[in-house]
Amino acid sequence: QDLLDFEQEQCADRVFLGWDAPLLESVKHWLLADDRRDVLASTMVVVPTSNSGRRLRLALSEGGGVISPHVVAPNRLFDVQGVASKQECLWAWVQVIQDVGLSQFPYLFPNHDTDAKVGFHEALALAKQFIQLRQELADANASFRDASYHSIEKERWHELDELESMMLKQLGKWKLRDPILAKRDQVLAPDLPPGVERIVVACVPDPTPMAIRALKSLLAQGLPVQILIHAPNHEKDGFDVWGLPSVDYWWKRNIEIPDWQQRLHLVNTANDAAESCVRILSDQDTPAEQAALALCDPSFEPSLEKTFAEHGWNLYHPDGRGLAESGLVGLLRAMRDLAGKDGTFEALRDFVRLPGAELFLPENVSRYRAAELMDKLHIEHLPETVSDARFLAAADQREILQSIASHIDLLNDEPEAKKMVALLRRWLAEWLGYCDQKVAKAIEPGLAEAIDALDRLAAHSETIIPNHAFEMLAPRLVGNFL
């Protein structure tokens, strides 16, 4: 926030709700007060997350007889349409990094061999880091260039700014608009739904500087903005004008935790934490649906799910179940390793076990039979590559290997990128048919975005290497939830 220099003439109205009632209940009662009920339809309520928005809508609907307000997360204030997708931005970064190399940027990459060519995997890893760093700066309504003014490593930031300029030119070549620049423009004039006449920020403890800039723009337009704070009025010095807790104020406060010896439990591992949670909750009379687990580290989640399941309790994740280990993601990962030069036999063994492999198998061979024959080949000969396996295979095993290889060759041997992407699109559509309907529904938008990005590259005559395409497809689905 030191990078930002906002004007302070106009401030939102702060409303302190107290903390003697749960947050959701306090916000609901405040919104449904008699003097505010009639203007709910023209109100936009900004909530911390999309899940808290769902809960607020449900709570308001239980109030009865009201028209629900517009309920949005903070990023909706500067949401933009018609910009490059995440996949298109990722491809643009990868393209630039591979085209220009790293030797042109000695301050960013001081140990890079000047004669070494940047491989796809290295370029992809760097691209992801640059995108994340750029997004973090954008959340503060800042850029690489802004950061250079406040850093002792100015040369490195200047080189990042130069790389970014090249990436933006690549997007322009593909006739795409950069989403971050578009958002920074949008915060200056946020686009609200028709009929919105006031904004209520409902106990958002950590709005980004970009969200605050959007709220200031709305204030400047004459739209009233109210900030609800889940604290009593006598603690008003502990919050700034946008409801953010003041670190200096709370750092000095001695917060009493009753019976802390019984409430704080030291554990060494995630498994220990899971066992402690089960033991503590088992001793409580609170119904399961009224208990919540807040994780300080997402890596604890598998241990918690496993331990609770062993005790007959199913955990509910508000964001949904991750699809990183779904059959389709596994299929894409296997195809990534098979489509490259000298595909690994281990990837092929994984592939034949997954739903959708039937598409590549001989007509009279099931997945289970194929897995059995590939396991036998592995035990008898331990082939490292698919080429080794074809040389060592018996007739029935070779039939499976040749059938899979003939399908993959269709992709590798297609010289025209548009036709290659069309073939890949057809395969993905068929593989989705093997998925559970709910999984397919959750995965399909991410796949569509990834394939559309490949179409964009093909339309501009860019070279697309099949295993690189699969490398980009699988990670796009890993963050999806069901």
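Residue numbers run from 1 in the order of the sequence given.
- Identified under the ring pair (Phe, Tyr, Trp, His ring centres under 6.0 Å) test for residues 269-308, with sequence neighbours left out: Phe308-Trp313.
- Although no hydrogens or angles enter the test, the distance criterion places a donor-acceptor pair under 3.5 Å between the side chain of Gln98 and the main chain of Val118.
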Under 3.5 Å, which donor-acceptor pairs do the side chains of residues 13-23 form with other protein atoms, sequence neighbours left out?
residue, atom, partner, partner atom, Å
Arg14, NH1, Lys236, O, 3.2
Arg14, NH1, Phe239, O, 2.7
Arg14, NH1, Asp240, O, 3.4

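- The residues Arg184 and Asp146 are annotated as salt-bridged, a charged nitrogen and a carboxylate oxygen being separated by less than 4.0 angstrom.
- Listed by chain and residue number, Phe120 satisfy the ring pair (Phe, Tyr, Trp, His ring centres under 6.0 Å) test with His468 (two or more places apart in sequence, or in another chain).
- With Asp452 contributing its side chain and Glu449 its backbone, the two residues share no donor-acceptor pair below 3.5 Å.
- Within the 3.5 Å criterion, the main-chain N or O of Leu60 finds no donor-acceptor partner in the side chain of Lys28.
- Applying the side chain to side chain donor-acceptor pair (under 3.5 Å) rule to Arg55 yields no partners; only residues at least two apart in sequence or on another chain are considered.
- Side chains of Asp455 and Arg425 form a contact here, defined as non-hydrogen atoms less than 4.5 Å apart.
- Every residue two or more places apart in sequence or in another chain that forms a side-chain contact (heavy atoms from CB on, under 4.5 Å) with Ala41 is listed here: Ile67.
- Although no hydrogens or angles enter the test, the distance criterion places a donor-acceptor pair under 3.5 Å between the side chain of Glu88 and the main chain of Ser85.
- Leu359 meets the side-chain contact (heavy atoms from CB on, under 4.5 Å) test with Trp427, Glu430, Trp431; sequence neighbours excluded.
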